[in-house]
Amino acid sequence: MRTHQNTYMNRSFMSKSISLVLGLMIILLLTLSLSALATAKHTHAAQRDSYTTYESIRIEHGDTLWNIAEHYSDARHTDAFVEEVKALNGLTTDKIYPGAYLLIPITNYL
């Protein structure tokens with residue numbers, strides 16, 4: 001009889017352990033799903049709530065692509081903004097000349 005009771009207790013313990021593990025896995029999956037959903041929603045909202053316009057600026061003596069990018073880049077990384085300006089203006093080097101004009105992308109937020 002003692003063996004039967006021990007077997008029953010072991011099964012009960014195993015059943016509770018499995019239920020606990022499954023419950024924790026469900027909570028983890030729900031947390032990860034909600035986190036991914038919130039991130040996707042935030043990213044989509046940021047993309048939807050902005051648009052790009054372009055401004056032509058005159059290069060002044062002492063200007064560099066880097067300091068122009070620091071002034072206009074907003075939330076983008078400066079080096080990525082420099083590359084975007086170079087591509088937009090057909091530049092293959094970082095060399096710019098006073099008196100020339102550059103087209104600069106401006107991100108506008110709604």
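Nothing here was measured: the structure is a model prediction, and the numbers come from that model.
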Undergrad: What residues, two or more places apart in sequence or in another chain, satisfy side-chain hydrogen bond (donor to acceptor under 3.5 Å, both in side chains) together with Thr78?
TA: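 Scan of Thr78 (side-chain hydrogen bond (donor to acceptor under 3.5 Å, both in side chains), adjacent residues dropped) gives none.
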Undergrad: Could you pull out every donor-acceptor pair under 3.5 Å between side chains of residues 80-90 and any protein atom, sequence neighbours left out?
TA:
residue, atom, partner, partner atom, Å
Glu84, OE1, Arg76, NH1, 2.8
Glu84, OE2, Arg76, NH1, 3.4
Lys86, NZ, Asp94, OD1, 3.0
Asn89, OD1, Leu103, N, 2.8
Asn89, ND2, Val85, O, 2.8
Asn89, ND2, Leu103, O, 2.9

Undergrad: Are Ile59 and Tyr101 side-chain neighbours, meaning at least one heavy-atom pair lies under 4.5 Å?
TA: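 Heavy-atom side-chain distance check fails, nothing below 4.5 Å.
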Undergrad: Rounded at 0.5 Å granularity, tell me how far OG in Ser50 sits from CG in Asn108.
TA: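 The CG atom of Asn108 is 8.5 Å from OG of Ser50, to the nearest 0.5 Å.
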Undergrad: According to salt bridge (charged side-chain N to carboxylate O under 4.0 Å, His left out), does anything in residues 57-75 pair up with another residue at least two apart or in another chain? List the pairs.
TA: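 Sorted pair list: Arg58-Glu60.
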Undergrad: Could you grab the distance from atom CD1 of Ile104 to atom CD of Glu55, nearest 0.5 Å is fine?
TA: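 Rounded to the nearest 0.5 Å, the CD1-CD separation comes out at 8.0 Å.
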Undergrad: Answer whether the closest heavy-atom distance between the side chains of Thr64 and Ile68 falls below 4.5 Å.
TA: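 Not in contact.
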Undergrad: Does the side chain to side chain contact (heavy atoms under 4.5 Å, CB included) test come out yes or no for Leu65 and Leu102, once each step is laid out?
TA: CA-CA 10 Å; Leu65 285 175; Leu102 285 176; 3.8 Å; yes
